[in-house]
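The structure appears right after this line, and notes come after that.
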Amino acid sequence: MDILDFILVFLMASGASLTQRVCGFGFGIFIMMLLPFIMPSFAEATALSGLLAIFTALVPAVRMVRQVPWRKLIPILLTFIVVSFFAVILVKHIDSRILKKVLGGVLIVISLYFFFLNGKFSLRPSIPIQLTMGGISGIMGGLFAMQGPPAVIYFVGCTDSKEEYMAITQWYFLIGNTMMTIYRAGNGFVTSFVLESFCIGIAGVLIGLLAGASIFKRINAGHLRHLIYALMFVSGLVALFS
């Protein structure tokens with residue numbers, strides 16, 4: 001890696017983990033705005049994002065394990081694990097340039113949803129809803145390392161407190177990203193370049209988590225989210241038309 005790659009990976013990991021710590025989700029969304037453009041391949045970008053996301057979710061997941069409503073988590077998680085397996089394989093057979101443009105469209109759609117529809121409706125815990133959202137999340141996670149939005153829409157509606165919400169989301173991300181990392185390693189996505197980048201990125205993750213914990217007490221989380229959504233929209237346009 002050259003010095004510019006070093007700096008960009010560090011900054012993106014810091015910003016992604018800070019976002020995750022303040023908003024409860026968004027690691028993959030934030031880091032994938034730039035990562036596909038500095039990694040050797042799109043597949044390696046998803047592999048690095050997933051590896052770093054594991055460690056972002058690990059500490060809060062372990063701390064809040066007793067508050068996880070497993071009945072609300074297991075069906076959507078199992079669906080995600082199955083669907084993401086096939087989505088990861090699909091990445092090998094799609095041109096990276098096409099994936100980047102599709103990613104741009106996905107970023108634009110997600111940013112518009114959270115700008116205008118976030119909180120306007122909620123989804124209660126039922127098996128059809130969990131299977132549907134788990135399937136969509138599996139496709140987005142396997143292809144773009146951005147499994148969060150469909151699952152979060154469901155989790156917001158099915159949890160009874162912010163503690164329960166945080167617990168269920170972190171365990172979803174921890175287990176889901178661990179499984180996808182295994183799939184990606186089996187498909188040759190976890191290369192030496194990914195591992196080298198991971199060593200740089202993990203330092204950024206730790207700094208972002210510490211900064212996020214401090215910022216969480218001082219900043220209006222809503223304002224931060226809207227700034228991130230605006231960045232997502234612009235990044236989506238750049239990816240779509242570059």
Close side-chain approach of [X] and [Y], heavy atoms under 4.5 Å:
X      : Y      : result
Leu107 : Phe233 : no
Phe80  : Gln130 : no
Thr169 : Tyr172 : no
Lys72  : Asp160 : yes
Pro69  : Ile168 : yes
Phe37  : Lys100 : yes
Arg63  : Val59  : yes

Item to check | Stepwise side-chain contact (heavy atoms from CB on, under 4.5 Å) test for Val194 and Met39 | outcome: CA-CA 8 Å; Val194 169; Met39 297 294 288; 4.0 Å; yes

Give the cluster check for [X] versus [Y]: same hydrophobic cluster or not, with ILVMFWY residues linked at side-chain heavy-atom distances below 4.5 Å.
X      : Y      : result
Phe116 : Val106 : yes
Leu131 : Val82  : no
Val109 : Ile136 : no
Leu206 : Met12  : no
Leu4   : Ile38  : yes

Next on the checklist: Just by distance, no angles: are the side chains of Tyr154 and Thr132 close enough, under 3.5 Å, to form a donor-acceptor pair?
Outcome noted: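 No, no side-chain donor-acceptor pair sits under 3.5 Å.
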
Checklist entry - Without hydrogens or angle criteria, can the side chains of Ser161 and Glu164 be said to hold a donor-acceptor pair below 3.5 Å? => result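 Glu164 and Ser161 do not have a side-chain donor-acceptor pair below 3.5 Å.
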
What are the two closest non-hydrogen atoms of [X] and [Y], and how far apart are they?
X      : Y      : value
Ala47  : Val190 : CB-CG2, 4.3 Å
Leu35  : Ser49  : CD2-N, 4.0 Å
Gly138 : Ala87  : O-CB, 3.7 Å
Cys199 : Ile202 : O-CG2, 3.4 Å
Phe10  : Ile200 : CD1-O, 4.0 Å
Met64  : Ala167 : O-CB, 3.6 Å

Straight-line distance of [X] [atom1] to [Y] [atom2], nearest 0.5 Å:
X      : Y      : atom1 : atom2 : value
Ile182 : Asn177 : CD1   : CG    : 11.5 Å
Met146 : Ile31  : CE    : CD1   : 12.5 Å
Thr159 : Gln67  : OG1   : CD    : 11.5 Å
Ile54  : Ile175 : CD1   : CD1   : 11.0 Å
Gln147 : Met133 : CD    : CE    : 13.0 Å
Asp95  : Ile98  : CG    : CD1   : 5.0 Å

Next on the checklist: Run the side-chain contact (heavy atoms from CB on, under 4.5 Å) test on Phe55 and Phe198 for me, step by step, so that the C-alpha distance in whole Å, both residues' side-chain angles and the decisive distance to 0.1 Å come before the verdict.
Outcome noted: CA-CA 11 Å; Phe55 287 86; Phe198 170 78; 3.5 Å; yes

Item to check | Phe144 and its side-chain contact (heavy atoms from CB on, under 4.5 Å) partner, picked from Ile139, Leu99, Val91 | outcome: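 With Phe144 as partner, Ile139, Leu99, Val91 yield a single side-chain contact (heavy atoms from CB on, under 4.5 Å), made by Leu99.
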
Checklist entry - Ile153 and Tyr113: side-chain contact (heavy atoms from CB on, under 4.5 Å), yes or no, with the steps? => result CA-CA 11 Å; Ile153 294 170; Tyr113 167 82; 3.5 Å; yes

Item to check | Side-chain (Arg184) to main-chain (Thr46) donor-acceptor, under 3.5 angstrom | outcome: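 Checking the backbone N and O of Thr46 against the side chain of Arg184, a donor-acceptor pair under 3.5 Å is found.
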
Item to check | Side chain Ser14, main chain Gly204, donor-acceptor under 3.5 Å | outcome: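 A pair under 3.5 Å: yes.
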
Next on the checklist: Are Phe173 and Phe27, when compared by the centres of their aromatic rings, separated by less than 6.0 Å?
Outcome noted: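 Between Phe27 and Phe173, which both carry aromatic rings, the centre distance is not below 6.0 Å.
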
Checklist entry - Under 6.0 Å between the ring centres of Tyr183 and Phe189? => result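 Not close enough - the centres of the two rings lie 6.0 Å or further apart.
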
Checklist entry - Could you walk me through whether Ile110 and Met140 pass the side-chain contact (heavy atoms from CB on, under 4.5 Å) check? => result CA-CA 11 Å; Ile110 293 174; Met140 291 181 61; 3.5 Å; yes

Next on the checklist: Surrounding CZ of Phe85 (heavy atoms of other residues, nucleotides or ligands, distance under 6.0 Å), is the total greater than 12?
Outcome noted: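 Not buried by this count: 12 neighbours or fewer within 6.0 Å.
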
